[in-house]
Amino acid sequence: MINLSVEKTASRGIAIAPVYLYQEVDLTPDTALITEDQVEAEVARYETVKKEVVADLAALAEENEIFAAHMAIADDFTLQELVNQKICSEQKNIQMAIAEAVEEVSALFQQMDDEYMRERAADVQDIGKRFLIKCKNASVQDLSAIAEPVIVVARDLYPSDTVKMNPAFVKGIITEEGGVTSHVSIMAKNYGIPALTGVAGVLEQITDGVMVCMDAEAGLIVIDPLESVREDYEKRKQEQDAELELIKKYREREPITPDGKRVSLCINVGNTAEIKQALDKNIDGVGLFRTEFLYMDNQHFPTEEEQYQVYKEAAELCPKEVTIRTLDIGGDKELPYYEFDPEENPFLGWRAIRISLDMPDMFRTQLRAILRASAFGHIRIMFPMLISLEELRDAKAILEECKQQLREEGIAFDEEMEVGMMMETPASVLLADEFAKEADFFSIGTNDLTQYVLAVDRGNKKIASRYDSFHPAVLKAIETIIKAGHSHGIKIGMCGEMASDVKAIPILLQYGLDEFSMSAGNVDYARKIIIGK
Ligand code: PEP
Ligand code: MG
């Protein structure tokens, strides 16, 4: 019997089953250079492979929206240009050219501090894998053939792998790489499959077919358990299954606290696919639409029309409320098509509203798109990272200009659209009273608020233990914001991670928080805690 323990849970739950070891095929690219007269044929070969990959992804996209995004990346001009350049100028063979181009594009994502964005690099690598499998005519282990209960153990799992897994048989997932916001985690959470990712060294310890017990919530893996240990896990699994059934029953119920306050329970999303997946969770809307992904998963600044279509779809999907945050780029989030000057302190630098106000044309494009979409539902707009009333006023003034333009053009929008702001800087806390007079709502961004109040970088592992949203100074900041907002009659939400923390929810309710917004996977648990009986 071997015990392993892991720090972070990707998807909670207990699983007991034999291991299905998923071994990757060797996709190491052929390193031989090509001759000049082979260049043309190699470029043509890439064209053919690309068409095949795009066609495969188009078929998958009908089942799962993730693959629509993958299709766009596979078909993307930048990737093609990079590959062609390596074939034509450096005489790399197609395998090398693809492998290097994919590395370069995914490195862009990997450099980011934000964990969610870092893990988007896996999408790019997944697409690269598809290309290489085609180029090498490789045969891959078929995860769709799994027809008995197993725990899948792999180095990493990409969307192209997870899409093949039948949740009826995959009882648990353990990967050596990947983080808690990777696709495999999201997929596991959606299906309620216990998962642990980033389990260093697990592949060395595990063999195919060996029995494993895992408790993802506690971060425990027991390989080849003693009978008594297995029985204990079986018993706890039954208890957990019963609890899960109970939690699901809460879905029907409104999130009303024991003392009778109806709060809002919303989700945070980065695209409309995430909204669709959460529609059966009885949510009150989207408390945070992070629009930066629209900009980052693109090869150019998204046009007004492109943005409008996305925001309109969101508004129609979620008629109760969609809170769209204007571009929050900079800090750790870069754009593949725009060069940011290097900065000493990016999180204290050119970020979020600062960029929008300095690039008013780009800002107007986004505001017009949001306004136009507001005619199709209940859209609220929210500005990130404000530190002064001037910024709020300037942003509102540009919004007013856009409204006036649309009126003159005879284009409909919601004249009453609420304009709110993220509360995530110490300055906004200290000025909460003043801001509350001019904003229609606040949404507390505890991810940034914690880092700025405590002067603790949210992405620095070395000081992670000091990053504490329960620090009295952070709690005091939250309480101050809620009090100030309420004294001016505005609603206060929270869209930082703290909103779904089971230990934080009772405190936040005590402070009087009106709206809790979180990733969809946490909504059921949060609802139960809010209702409290
Ligand atoms: C926050 O800072 O809490 C927040 C929700 O915004 P982001 O994580 O996107 O910075
Ligand atoms: Mg933030």
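Fair warning: this is a prediction, and the values are worked out from it, not measured in the lab. We count ligands from 1, going down the list as the structure has it; atoms in each ligand are counted the same way.
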**Message:** I need the OD2(D448)-the Mg ion (ligand 2)-OE1(E424) angle, rounded to 10 degrees.
**Reply:** 90°
**Item:** Residue pair D156 / T175, side-chain donor-acceptor N/O under 3.5 Å
**Value:** no
**Asked** Counting both backbone and side chain atoms, is some N or O of G445 under 3.5 Å from an N or O of ligand 1?
**Response** yes
**Request:** Spell out, as yes or no, whether a donor-acceptor pair under 3.5 Å connects the side chain of N271 to the backbone of E274.
**Result:** yes
**Prompt:** Using the ring of each side chain (for Trp, its six-membered ring), is H300 parallel, tilted or perpendicular to Y337, with breaks at 30° and 60°?
**Reply:** tilted
**Request:** Give a yes or no on whether the ring-centroid distance for F293 and Y295 is below 6.0 angstrom.
**Result:** no
**Prompt:** Does ligand 1 have an atom that lies less than 4.0 angstrom from a heavy atom of R458?
**Reply:** yes
**Message:** At under 4.0 Å between heavy atoms, is it the side chain or the backbone of T446 that contacts ligand 1, or both, or neither?
**Reply:** backbone
**Request:** Under 4.0 Å from a heavy atom of R351: give me the atoms of ligand 1 that qualify, with their elements.
**Result:** 10 (O)
**Fill in**
In ligand 1, the atoms that come under 4.0 Å of a heavy atom of C495 are 5 (C)
**Item:** Those atoms of ligand 1 less than 4.0 Å from some heavy atom in M422
**Value:** 4 (C), 5 (C), 6 (O)
**Request:** Answer yes when D328 and R290 have at least one side-chain N-carboxylate O distance shorter than 4.0 Å, and no when they do not.
**Result:** no
**Request:** Give a yes-or-no answer on whether the side chains of E313 and T272 include a donor-acceptor pair shorter than 3.5 Å.
**Result:** yes
**Request:** Please determine if K403 and E415 form a salt bridge, counting it only when a charged side-chain N lies under 4.0 Å from a carboxylate O.
**Result:** no
**Message:** Tell me whether M494 reaches ligand 1 (any heavy atom closer than 4.0 angstrom to a ligand atom).
**Reply:** no
**Asked** Got a sec: is D328 within less than 2.8 Å of the Mg ion (ligand 2) via an N/O/S atom?
**Response** no
**Sub-4.0 Å heavy-atom approach of E497 to ligand 1** = no
**Asked** If you measure only the distance, is there a donor-acceptor pair under 3.5 Å linking the side chains of H488 and D433?
**Response** yes
**Message:** Is R325 close enough to touch ligand 1? Criterion: a residue heavy atom under 4.0 Å from a ligand atom.
**Reply:** yes
**Request:** Identify, by atom number and element, the atoms of ligand 1 in contact range of L288, meaning under 4.0 Å from any of its heavy atoms.
**Result:** 5 (C)
